[in-house]
Each structure stands twice: as C-alpha cells, then as structure tokens.
Amino acid sequence: MTPTGRSTDVSTTAKRGVLISGASISGPALAYWLQRSGYAVTVVEKAGALRDGGYPIDIRGTAIEVVRRMGILPRLRDAHIDSRRCTFLDADGSEVASVGAHAVAGSVEGQDLEVRRGDLAAILYGKVRDDVEFLFNDSIDTLDQSGRGVDVTFHSGRRRTFDLVVGADGMHSPTRESLFGPEERFHRYLGYCFAIFTMPNTFGLSGEVMMWNTPGKAAALYAVGDEELHAFLTFHQPEPPYDALRNPDAQRDLVATVFAGAGWEVPGMVNAMRDADDLFFDTAGQIRMPHWSSGRVGLVGDAAYAPSFLTGQGSSLALVGAYMLANALATNRDHTAAFAAYERDVREFVAMNQALVDNGAATLFPTTARALEQRNTMLRGLVTMPPATPRPAHSALTLPDVAPMR
Ligand SMILES: Cc1cc2nc3c(=O)[nH]c(=O)nc-3n(C[C@H](O)[C@H](O)[C@H](O)COP(=O)(O)OP(=O)(O)OC[C@H]3O[C@@H](n4cnc5c(N)ncnc54)[C@H](O)[C@@H]3O)c2cc1C
C-alpha cells in the first residue's frame with residue numbers, strides 16, 4: 001500500500017483486489033470463496049463489530065451444500081435451533097392447531113438448518129477473518145469507475161483502488177442506490193409491516209413458536225432454547241408507512257395503534273416493544289432488478305434479490321448467490337463475462353424462490369376472515385398428515401464444482 005492509503009496499482013499486482021461492502025451473510029461467504037480462488041479481499045462494514053442479532057434464519061436445499069463445501073456444516077449443526085412445534089392461536093388465545101415446525105416451513109427434518117442469524121454470521125466470519133481484511137466502522141462514500149479499477153473513497157477518509165466492488169449490504173443497500181438509483185425502483189412491497197424484538201421469556205416457552213392471528217394481524221413468540229424469546233408483530237398495511245420507516249417512535253406508535261385491543265399476550269408484547277432496545281421494524285418486500293452489476297461493481301444477497309422474510313429464503317439465496325458469484329469470477333477472467341454468467345445461472349433460482357410469496361408463503365398471515373379460516377383448516381390437516389414435502393424452489397439450483405484454488 002502507498003503512504004496515501006491507496007492499494008498497489010491494479011495493473012501490476014498479481015492478486016486482484018475486491019472490496020465487499022457488508023459483513024453479515026453474503027459478504028463473508030463471498031469473501032471466503034474469492035480469497036480461496038486467489039483474490040485479495042477487503043470487507044467494509046459500517047457497524048463497529050460483527051452484528052449479533054439473534055433472530056432465527058433458515059438454511060435449506062442448495063444452501064446446505066454451500067455450507068458443506070465451506071466445511072462449516074458440523075458447526076452449524078451444533079448451532080441448529082430445532083424448533084419443535086408451532087402452535088397457532090385464534091383471537092382469544094385458544095388453540096387452533098399445534099403442528100411440527102418443519103411442516104409449516106416446508107423444511108426437511110434432519111437436513112435443513114435453523115440457526116440464529118448472528119451465529120451464522122459469526123461462523124462465516126471465523127472462517128475468513130485470518131485471510132481477509134476487515135474494515136469495521138467504515139463505509140463507502142464514493143465509487144468512481146472511470147479508471148482501470150474502482151476508486152473508492154471511504155467515510156473515514158481512506159482512499160483505495162480495487163479491481164472490483166461488490167455490494168453485500170442488504171435490502172436497503174447503499175451500493176445499489178449509488179449505482180442504480182433509489183430503492184423504490186426495485187422494491188416490491190408485499191403489503192405487510194413487521195416489528196421484531198427480544199423480550200423476557202416469562203411464558204415458560206422452550207424451543208417452540210406460538211402464533212396468534214386475526215385477519216391482517218399476527219403476533220408470534222419464538223422461543224430459542226429456554227430463555228431467549230423473540231417477539232414478532234406483523235400486520236397488513238396496503239401502502240408502506242413511509243413516515244414511520246426512519247422514525248422508531250413513529251414505528252412504536254403505529255404498531256401500538258394497530259394492535260390496540262388485541263387479545264392473548266399481545267398487550268404485554270406491545271409494552272415490551274416500547275422498552276425494547278433492539279426493535280427492528282421494516283416492511284416485507286422484495287428487491288427485483290433487471291441487472292445485478294454495472295461495470296466493475298456487482299451486488300449479492302439481499303442487496304440484489306431480497307426475497308422477504310415471508311419466504312424464509314433470504315439467507316439461503318445469500319449463501320448460494322455468494323458461491324455462484326465467486327465461482328463465476330474464478331472461472332471468467334473478464335469481469336463482464338463473470339457478472340453475466342452469475343446472472344444467467346442464478347436468476348431462475350432467485351425467481352423461483354421469490355415466487356414463493358405468490359404460491360402461498362404468505363398464507364401464515366391471512367388478511368381476511370375467510371382466508372384465515374381456510375388457513376386454519378389447512379393447519380388442522382397438517383396435524384394428521386405426513387410431513388409436507390420440501391419446496392422444489394429450495395433445491396432448484398445444482399452447484400457447479402468448486403473452482404480450483406489458485
Ligand atoms: C425479521 C427478519 C426475519 C428473517 N427471517 C428469515 C428466515 O426465517 N430465513 C431466512 O433465510 N432469512 C430470513 N431473513 C432474511 C435474512 O436475514 C437476510 O436475507 C440475509 O441476512 C441476507 O444476508 P445479506 O448478507 O445479503 O444482508 P444483511 O444480512 O442485511 O447484511 C447487510 C450487512 O451490510 C451492512 N451494511 C449496511 N449498509 C452498509 C454500508 N453503507 N457500508 C457497509 N456495510 C453496510 C449491514 O450492517 C449488514 O451487516 C429475515 C430477515 C429479517 C429482517
């Protein structure tokens with residue numbers, strides 16, 4: 001590196017340099033595969049340290065093969081949460097049905113995984129921390145592709161040049177915005193808002209989910225082990241509440257207004273939300289883009305193709321997308337050809353998984369009394385039926401062989 005903080009000249013260095021923005025799931029997974037194929041990888045993360053948010057996420061189908069090839073499957077199996085049951089309740093809190101959690105999620109018992117998002121991020125980070133440069137507490141300010149690389153100015157004032165930059169910075173990706181324009185162009189709002197936060201487990205719940213529904217509203221308590229309890233309040237809202245999106249007080253007020261007068265444990269949950277210091281509020285939506293790259297800058301994971309929590313496939317798409325992008329960059333020296341191959345080979349898989357919201361993934365949150373009754377009938381049927389078959393979309397991509405190490 002030169003005294004100005006610039007990386008060595010991209011034309012003379014043997015290793016090509018890639019900057020990845022975001023150190024959650026897709027960022028460290030991409031970093032792993034790229035450094036393995038000979039890239040010098042830097043990851044910049046705006047948070048001061050790895051974020052340990054604990055809500056549970058799923059790893060299914062093709063993504064299981066990705067983590068197996070990374071050598072982290074045994075650690076993830078150790079971290080597996082294994083929720084046993086999901087109990088559905090009606091407006092006054094009486095039981096509608098209690099079914100195996102796998103049957104509800106369309107997961108394959110004994111094969112698919114459910115882990116805390118923070119555990120997955122930590123395991124991925126542990127896999128690459130010695131081989132990859134991490135810049136925490138920083139972010140990209142400007143990207144300039146006018147030269148033979150990408151000139152990057154960081155918020156901290158650092159200036160560096162990289163061969164390639166990849167945005168792995170999530171649903172609200174600033175890299176996407178700087179390259180392709182405002183999020184509204186690519187965001188497909190799915191008609192729901194949600195608030196998620198942790199609260200004391202005073203209910204004696206253990207390794208299970210309780211879900212209360214009325215038309216257009218759901219309240220879930222998700223017990224991970226005996227103590228950790230994630231509360232989830234979701235509601236139908238025809239238009240996104242733009243005013244609340246950047247205002248935590250307005251979010252709390254909106255949720256409290258929507259759930260006023262609700263039964264079961266909902267009033268206690270709303271009170272806990274008021275005190276929660278880890279409230280996460282957002283709309284349920286997808287990112288749909290005609291292209292995932294422009295010049296030397298590409299996107300991966302939620303930044304490019306967030307499928308929404310309604311599909312439960314965000315982390316799996318992030319892992320598979322990272323593998324496929326790294327593979328394309330390892331097998332095509334030319335980045336234009338590599339980005340094209342990545343899109344060609346992953347787009348259908350993404351489309352199938354995003355389409356899960358149109359094929360019933362949202363039926364857990366019906367918006368009318370009739371739809372809720374139909375869902376309840378379906379759930380009562382699950383109690384007596386054999387486990388649901390896995391959803392074909394989860395395994396709809398066959399991974400190419402791992403690109404040779406350089
Ligand atoms: C409430 C909730 C429930 C979910 N449930 C599930 C589920 O059941 N199953 C499932 O598979 N998925 C689920 N998901 C989705 C899953 O969390 C995401 O799809 C997955 O984490 C995507 O990974 P990612 O690395 O692409 O993006 P993210 O996990 O969003 O990470 C983006 C990273 O970029 C960082 N960043 C942002 N801006 C900048 C910047 N300017 N500079 C540097 N870094 C930046 C962020 O701090 C973060 O670390 C859920 C998501 C939410 C919110």
Side-chain angles (χ1 to χ4, degrees), residues 19-31 42-61 63-64 81 83 101 104-107 112-122 124-125 134-143 152 154-156 165-178 192-198 209 220 222 230-234 278-287 299-322 325 350 353-354 356 361 364 394:
L19 174 67
I20 299 170
S21 173
S24 175
I25 310 300
S26 56
L30 179 66
T42 301
V43 179
V44 60
E45 164 60 51
K46 74 170 181 191
L50 213 60
R51 291 163 62 235
D52 62 356
Y55 63 80
I57 54 93
D58 304 284
I59 306 170
R60 306 185 182 117
I64 292 285
I81 294 167
S83 298
V104 179
S107 300
D112 292 345
L113 294 167
E114 186 185 27
V115 296
R116 295 173 181 85
R117 194 204 61 83
D119 286 351
L120 174 58
L124 291 168
Y125 175 64
F134 278 85
L135 307 173
F136 285 104
N137 208 11
D138 207 351
S139 55
I140 297 171
D141 255 4
T142 63
L143 296 170
V152 179
F154 291 88
H155 192 64
S156 60
V165 174
V166 179
D169 35 19
M171 174 94 185
H172 306 296
S173 165
T175 306
R176 184 187 60 233
E177 174 141 357
S178 76
Y192 295 89
C193 298
F194 65 89
I196 188 164
F197 51 95
T198 50
V209 182
Y222 200 140
H230 300 269
F232 186 74
L233 295 166
T234 186
D278 61 352
L279 171 65
F280 181 75
F281 178 94
D282 207 346
T283 58
Q286 297 187 330
I287 296 296
L299 299 172
V300 69
D302 272 10
Y305 33 76
S308 94
F309 79 88
L310 295 170
T311 68
Q313 279 293 91
S315 305
S316 293
L317 290 190
L319 289 164
V320 173
L325 175 55
V350 165
N353 282 284
Q354 290 194 327
L356 290 170
L364 286 184
H394 297 171

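Any value given below was found using the heavy atoms of this structure, including those in side chains, with hydrogens, waters and symmetry copies removed. One-based numbering, in listed order, for ligands and for the atoms of each.
Nearest to atom 1 (C) of ligand 1 among the protein's heavy atoms is Phe194 CE1, 3.4 Å. In terms of protein heavy-atom proximity, atom 30 (O) of ligand 1 is closest to Gly170 CA, 3.5 Å. Looking only at heavy atoms of the protein, atom 29 (O) of ligand 1 is closest to Ser24 OG, 2.6 Å. Looking only at protein heavy atoms, the nearest one to atom 8 (O) of ligand 1 is Asp58 OD2, 3.1 Å. Regarding atom 10 (C) of ligand 1, its nearest protein heavy-atom neighbour is Gly312 O, 3.3 Å. Closest protein heavy atom to atom 48 (C) of ligand 1: Arg51 NH1, 3.2 Å. In terms of protein heavy atoms, atom 18 (C) of ligand 1 is closest to Asp302 OD2, 3.3 Å.
Under the 3.5 Å distance criterion, the side-chain polar atoms of Gln313 are left unmatched by any main-chain donor or acceptor of Asn353.
In terms of polar-atom proximity, Ala318 is not counted as a contact of ligand 1, lacking any N or O under 3.5 Å from an N or O of the ligand. The shortest N or O to N or O distance between Pro174 and ligand 1 is not below 3.5 Å. Ligand 1 has no nitrogen or oxygen under 3.5 angstrom from a nitrogen or oxygen of Ser316. Not one N or O of Asp138 is nearer than 3.5 Å to an N or O of ligand 1, by distance alone. Ligand 1 has no N or O atom lying under 3.5 Å from any N or O atom of Arg117, backbone or side chain. Considering both main-chain and side-chain atoms, Ser26 comes within under 3.5 Å of ligand 1 through a nitrogen or oxygen pair.
Counting only non-hydrogen atoms, the option in Leu317, Thr175, Asp169 that gets closest to atom 34 (O) of ligand 1 is Asp169. Among Ala47, Gly314, Pro28, the residue whose heavy atom lies closest to atom 15 (C) of ligand 1 is Gly314. Distances from atom 47 (O) of ligand 1 to the heavy atoms of His172, Lys46, Glu45 show the closest one on Glu45. For atom 52 (C) of ligand 1, the nearest non-hydrogen atom from the set Phe154, Phe309, Tyr55 comes from Tyr55.
Using cut-offs of 30° and 60° for the angle between ring planes, the Phe280 and Phe194 rings count as tilted.
Close contacts between ligand 1 and Val44 involve ligand atoms 43 (C), 44 (N) [criterion: under 4.0 Å to a heavy atom]. Short contacts between ligand 1 and Gly301, defined as distances under 4.0 Å to a heavy atom of the residue, involve ligand atoms 26 (O). Atom numbering of ligand 1 starts at 1 in the shown order; those under 4.0 Å from a heavy atom of Ser315 are 10 (C), 11 (O), 12 (N), 16 (C), 19 (O), 20 (C). Near Phe280, with a cut-off below 4.0 Å to any heavy atom, the atoms of ligand 1 are 53 (C). Each of the atoms 21 (O), 23 (O), 25 (O) of ligand 1 lies under 4.0 Å from some heavy atom of Ile25.
With ring centers used as reference points, Phe232 lies 6.0 Å or more from Tyr55.
Counting only heavy atoms from C-beta outward, the side chains of Tyr305 and Gln354 approach each other to under 4.5 Å.
In Ala306, neither the side chain nor the backbone holds a heavy atom less than 4.0 Å from any atom of ligand 1. Contact annotation for Gln313 and ligand 1: only backbone heavy atoms (N, CA, C, O) come within less than 4.0 Å of the ligand. At a heavy-atom cutoff of 4.0 Å, ligand 1 is contacted by the side chain of Ile196 but not by its backbone.
In terms of heavy-atom proximity, Leu120 sits nearest to Ser315 at CD2-CB, 4.4 Å.
Judged by the shortest distance from any of its heavy atoms, Ala168 lies inside the 4.0 Å radius around the atoms of ligand 1. Within the 4.0 Å heavy-atom cutoff, Pro56 counts among the residues contacting ligand 1.
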